[in-house]
Amino acid sequence: MSPILYAATGAVLVGIGVFGLLARTHLLRRILAFNVIGSGIFLAFGGLGSRGPGSGVDPVPQAIVITGIVVALAATALAVTLVTRLFEETGAVTLPGEHPAEGPDAS
Amino acid sequence: MLPDLLAVGVPWAVASIVLPLAVALAAIALGPHARHLVLPGALLGAVIALAAAAQVLAHGAWHHAVGGWLPPLGIRLRLDGLAASFLVATAVVACGVAGFSRRLFEPSARRETRAGFAFWPLFFVMWAGLNAVFLGADLFNLYVALELLTLTAVAMVALDGKAETLAAAIRYLLFALLGSLAYLLGVALLYARYGALDLGLLRAAAVPDAITLAAGAIMTAGLMAKTAIFPLHGWLPPAHAGAPTPASAMLSALVVKASFYLIARLWFDVLPAAATVETSQLFGALGAGAIVFGSLLALRQEQLKLVIAYSTVAQLGYLFLMFPLTGSAAAPQPWAAAAWTGGMFHALAHAPAKAAMFLAAGLMIKACGDGRLAPLAGIGRDLPIACFAFGLAAVSLMGLPPSGGFTAKYLLLTAALASGQWWWALAILAGGLLAAAYLFRVLNRFLIAPAEAAPRVAVARRDQAIALALAGVSILLGLASLVPYQLLQIGRPAAAVGGLS
Amino acid sequence: MTAALVFDLSLCLLIAAVALAAVLADDLFTAIVLFIVYGLLAAIAWVRLDAIDVALAEAAIGAGLTGLLLVGAAARLGGRGAPPAAGRTPWRLLGKAAPAALCVAAAAALVVLVLALPDDAPGLRPLVAETIAASGVTNPVTAVLLNFRGYDTLLETIVLAVALVGVWSLTPDRDWGSVPGARQHARPDGVLATFGRLLPALGLLVAAHLLWAGADAPGGAFQAGTVLAAVWLVVVMAGVLPAPATADTRVRLLLVAGPAAFLGFGAVGAAGGVFLGHPAGAAKATILAIETALTLSIAATLGLLVLGVPRRPA
Amino acid sequence: MILDIATLVLASAGVVFFIAGTLGLLRFPDVYARLHALTKADNLGLGLIALGLVLQAGNVWQALKIVLVWLLAIFAAATVSQLIARSALVQRSSSPAARDS
């Protein structure tokens with residue numbers, strides 16, 4: 001039962017992350033939301049991989065998730081650097097044409 | 001000697017991944033000294049790609065279990081006719097871009113420059129990533145290969161460091177990452193359902209149940225975002241037009257094709273049983289929408305590179321027409337193989353044509369110091385070779401004979417008429433006319449006499465010749481279409497003949 | 001309901017709640033702190049799934065380094081992203097209600113799909129167990145990462161290297177060749193400096209242990225590399241060691257050593273007929289050799305990724 | 001059995017200290033008082049939990065590892081709280097309107 005519980009939690013996390021991506025315009029918040037989606041998918045992958053009777057977990061999803069975590073970090077590093085450079089060049093923390101939903105302080 | 005080298009035991013496919021990676025690592029380590037490696041590396045890469053294609057022609061499709069572990073445990077590489085033809089197309093464009101960029105990113109006064117350092121590792125890793133996508137036969141490995149492309153492509157877009165390109169790169173990254181994550185979610189679902197990641201094993205096991213369909217849909221949606229198919233195309237024009245010229249060429253000619261290639265592999269090789277008439281028609285509708293909207297938007301652009309970028313949006317639409325045109329098992333049609341071949345041929349022919357167009361455009365913009373169309377009036381007198389290259393590439397994009405674009409559109413059109421789906425034939429014809437409209441609008445500007453003689457910066461003839469050579473390849477693909485046609489048929493998926501589902 | 005199930009259920013609810021709070025938090029810094037907490041909770045979830053290797057990676061990389069990147073960026077952005085001063089307008093609520101409904105529906109559909117899957121997974125657990133004797137190591141995750149699916153790992157190390165090239169490529173032209181990271185103000189006799197001098201010995205020990213243990217127990221190159229990177233970052237922040245200039249050839253060589261060794265190993269195998277094939281009987285030696293080289297390169301790459309764009313004169 | 005009970009008692013006591021420390025973090029008025037609550041309570045809490053776990057260790061190595069983890073955590077916590085206190089001090093002296101409330 002438990003592995004499926006974690007897989008379902010992963011599915012919920014994907015939903016939460018996608019919401020963050022759609023509802024938030026601050027770019028760092030979007031990057032954060034991406035990481036929530038990613039780890040939700042990983043958790044679903046791992047949870048689904050440990051279903052069933054018998055002990056132990058499927059090592060293939062585990063290895064895949066470790067690879068995925070590292071790839072996500074690489075993408076996050078590039079994204080974060082792009083956002084800080086955009087801020088340094090233009091003072092913007094959102095994409096042009098998108099109104100910051102975070103209020104006037106974050107405009 | 002030659003037959004020996006083409007023997008099945010020589011892993012040309014592996015070399016096509018290892019070599020660019022090795023050059024990229026050397027470029028990181030050596031910095032400014034790496035420029036001596038660039039041209040030999042690119043030419044060797046082209047030789048390897050041609051050898052791989054010759055190997056497929058001589059001996060048929062080739063499979064390799066990496067590490068000696070067969071799927072489902074290990075990862076398989078698959079070199080068939082389709083993969084080999086994409087390897088060659090990539091190598092041709094990459095060689096052109098490498099030759100074009102060598103002087104562009106030359107270190108100044110033997111001191112390493114930022115763009116000069118970053119471009120070559122990004123370029124060669126991008127090349128390796130493309131080859132890895134074309135050769136991959138494992139869903140998760142393909143995810144890692146796709147991320148190689150995402151990171152290199154985004155970094156290349158931002159290479160100029162200007163504020164607008166930073167914003168374009170971020171928009172691109174957001175779309176591409178969301179696409180990758182959607183793809184990964186589908187991979188997780190398929191693994192949970194079937195316990196395998198290998199395309200062949202999945203194909204044998206797949207049944208059209210809810211979870212398989214959902215996984216296929218999520219993966220396709222993600223890959224479509226990365227392919228920038230209408231209506232998910234918003235990120236492409238600013239990114240492709242804002243990137244430095246060599247990067248524009250690589251991105252528009254090749255990178256967007258990689259995710260399309262995976263959509264085609266997914267449906268024709270893995271899940272043909274899950275396709276329905278409705279999904280095929282939906283794909284076709286998106287393609288037709290891309291052709292019409294992309295062309296209309298291209299017609300309204302005032303920046304040269306934006307015209308070319310919107311033309312990419314439009315041309316990508318043709319690729320998706322191949323899904324409805326292959327028909328289905330329920331309604332078999334004799335020209336299904338023509339539709340599949342035509343779609344793939346279009347992807348191949350578009351690559352050198354679009355690369356040539358971006359390189360020529362980059363030279364014109366450099367000569368004129370302005371990216372808008374108006375100041376380019378009369379540039380044909382100053383840069384005749386670049387203009388001729390642009391014109392030849394335009395011939396292929398419009399689908400006029402004897403270009404590769406013509407062959408592709410002829411095959412698609414024949415399939416549309418033979419299967420009685422005249423509405424797709426209309427889209428193809430309209431697309432050709434619209435392409436003629438937006439390209440002649442630009443060409444006309446090149447050739448009119450300018451009001452006053454504008455000062456032009458000199459550009460090297462060699463660079464113009466590279467653009468011309470690439471445009472020539474796209475024409476040659478139409479004149480000598482037999483060999484690529486034969487190559488594409490080797491290891492062709494059954495669904496390309498029998499139709500989807 | 002067993003105690004374990006109660007624990008799992010509470011943990012899952014807590015994870016979802018903290019994730020939602022991180023997404024909804026008004027203050028950017030709060031959101032990032034919540035995200036780090038979320039990552040640590042997710043690591044506990046991986047422990048519950050008996051995936052210790054993943055738990056280590058999630059805690060160190062998913063929560064730790066990702067959190068560090070976000071905190072660093074938020075600091076650079078200064079106060080941008082502060083809580084809203086104005087009240088909520090109906091328009092904004094409506095603008096969020098639509099995506100919220102969409103996401104609830106999507107998440108619900110996904111949960112239904114996940115629950116609809118048959119109870120016994122058709123995974124590769126038995127096959128890995130059968131084959132592991134030939135892999136050279138006894139930790140199944142290391143066997144998959146370095147042997148069965150070593151090709152993934154090779155490409156992954158290239159992803160890391162190219163991400164660093166991408167980050168460096170965003171340097172303002174005037175700063176090219178300089179030193180990355182912010183200027184540190186640690187006093188040479190301060191507490192942090194003492195910590196920075198004492199930590200390396202312990203950190204090296206832990207990293208070496210993780211690397212060595214990875215063959216038979218949870219651990220491996222990525223976990224060890226992350227520990228080394230973290231130790232190195234503390235040492236740099238403490239002012240014990242200077243941050244390296246990005247143009248330094250030794251730094252460049254360190255970055256590519258691991259991927260190059262892996263790639264060279266693969267190419268030698270390809271020449272012998274099997275790309276990335278381990279020699280029969282010597283797989284443990286080749287795996288450990290590759291992992292050692294990878295650990296050093298991963299540590300250098302991760303550390304430099306966190307330090308970011310070069311901004312200070314060498 | 002006796003060991004298990006001892007572990008349970010020690011770990012529970014540790015949890016109580018954690019809760020107390022967290023309450024202090026949330027309730028106390030300024031940075032210094034919060035730090036005071038947090039470090040005192042958490043270090044003791046972690047120590048008690050570590051002690052409880054040592055009793056469950058299968059061999060000396062495992063016990064040593066737990067002690068090492070505890071030492072590292074204390075060490076890091078001490079350094080970090082010193083840094084936080086310092087930066088709070090610097091901020092207060094630079095801006096008369098205390099921002100750390």
Side-chain angles (χ1 to χ4, degrees), chain A residues 1-9 11-16 18-20 22-23 26 28-29 32-33 35-36 39 43-44 46-53 56-60 62-63 65-67 69-71 73-74 76-78 80-85 87 93 101-106, chain C residues 8 12 15-16 19-20 23 28 31 35 42 45 49-51 53-54 57-58 61-62 65-66 69-70 73-74 76-77 80-82 84-86 92 96 99-100 103 106-107 110-111 114-115 119-121 123-125 128 140-141 144-145 149 152 156 159-160 163 166-167 170 222 305 308-309:
Chain A
M1 180 60 205
S2 291
I4 275 292
L5 196 59
Y6 286 102
T9 307
V12 171
L13 291 173
V14 172
I16 292 173
V18 173
F19 174 70
L22 294 177
H26 193 297
L28 283 184
R29 290 169 180 277
L32 188 153
N35 278 286
V36 173
S39 67
L43 203 55
L48 289 174
S50 357
R51 283 173 302 154
V57 236
D58 192 340
V60 174
Q62 289 192 56
V65 167
I66 291 177
T67 306
I69 288 173
V70 175
V71 170
L73 176 85
T76 303
L78 184 62
V80 154
T81 313
L82 279 167
V83 172
T84 48
R85 290 288 295 129
F87 173 72
V93 292
E102 270 77 47
D105 278 6
Chain C
D8 287 334
C12 284
I15 289 176
L20 193 62
V23 164
L28 179 60
F35 172 77
L49 287 172
D50 240 342
D53 300 80
V54 184
E58 171 69 38
I61 302 175
L65 290 183
T66 307
L69 281 170
L70 289 171
R76 280 218 160 262
L77 263 50
R80 309 301 289 266
R92 271 186 21 214
K96 293 197 178 178
C103 293
L110 264 179
V111 169
V114 162
L115 294 180
D119 247 356
D120 48 340
L124 298 174
R125 186 167 38 186
V128 172
V141 179
V144 175
L145 274 176
R149 297 182 67 91
D152 279 349
E156 173 192 8
V159 167
L160 271 183
V167 166
L170 293 165
F222 287 97
L305 274 178
V309 163

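These numbers come from the heavy atoms of this one structure, side chains and all, not from hydrogens, waters or symmetry mates.
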Out of [options], return the one with the most heavy atom pairs under 4.5 angstrom to chain A.
| options | value |
| --- | --- |
| C:Gly123, C:Ala73, C:Ala31 | C:Ala73 |
| C:Ala107, C:Ala163, C:Pro140, C:Cys103 | C:Cys103 |
| C:Leu170, C:Val111, C:Leu160 | C:Leu170 |
| C:Val144, C:Asp8, C:Leu145 | C:Asp8 |
| C:Ala42, C:Gly62, C:Ala100 | C:Ala100 |

Interatomic spacing from [atom1] in [X] to [atom2] in [Y] - rounded to 0.5 Å:
| X | Y | atom1 | atom2 | answer |
| --- | --- | --- | --- | --- |
| C:Leu28 | A:Leu28 | CG | CG | 5.5 Å |
| C:Phe35 | A:Asn35 | CZ | CG | 4.0 Å |
| C:Asp50 | A:Asp58 | CG | CG | 12.5 Å |
| A:Leu5 | C:Leu49 | CG | CG | 9.5 Å |

Checklist entry - Where does A:Val65 contact chain C at under 4.5 Å (heavy atoms): side chain, backbone, both or neither? => result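 Side chain only.
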
Item to check | Part of A:Leu13 within contact of chain C (heavy atom distance under 4.5 Å) | outcome: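 Side chain only.
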
Who wins among [options] for the most heavy-atom pairs under 4.5 Å with chain C?
| options | value |
| --- | --- |
| A:Val83, A:Val36, A:Thr76 | A:Val36 |
| A:Leu48, A:Val12, A:Val60 | A:Val60 |
| A:Val14, A:Val71, A:Leu43 | A:Leu43 |

Taking all atoms of both residues into account, what is the closest heavy-atom pair of [X] and [Y], and its distance?
| X | Y | result |
| --- | --- | --- |
| C:Ala16 | A:Ile16 | O-CD1, 3.5 Å |
| C:Phe222 | A:Val70 | CD2-CG2, 3.6 Å |
| A:Ile69 | C:Glu58 | CD1-OE1, 3.7 Å |
| A:Pro59 | C:Arg125 | CD-CA, 4.2 Å |
| A:Ile66 | C:Glu156 | O-OE2, 3.9 Å |
| A:Ile4 | C:Leu115 | CG2-CD2, 3.3 Å |

Next on the checklist: Treating C:Arg76 as the side-chain partner and A:Thr84 as the backbone partner, does any N or O pair qualify as donor plus acceptor under 3.5 Å?
Outcome noted: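 Judged by distance alone, no pair lies under 3.5 Å.
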
Checklist entry - Considering the options A:Thr81, A:Val80, A:Leu82, which one meets the side-chain contact (heavy atoms from CB on, under 4.5 Å) requirement together with C:Val167? => result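 So the option named by the test is A:Thr81.
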
Next on the checklist: So A:Leu73 and C:Leu69, do their side chains get closer than 4.5 Å, heavy atoms only?
Outcome noted: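 C:Leu69 reaches A:Leu73 side chain to side chain.
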
Checklist entry - Without hydrogens or angle criteria, can the side chains of A:Thr67 and C:Asp152 be said to hold a donor-acceptor pair below 3.5 Å? => result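 No, no side-chain donor-acceptor contact under 3.5 Å.
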
Next on the checklist: Which atoms of C:Val128 are under 4.5 Å from chain A, going by heavy atoms: the side chain, the backbone, both sets, or neither?
Outcome noted: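 When you check distances to chain A, only side chain atoms of C:Val128 fall under 4.5 Å.
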
Item to check | Part of C:Ala106 within contact of chain A (heavy atom distance under 4.5 Å) | outcome: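 No part of it gets close to chain A.
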
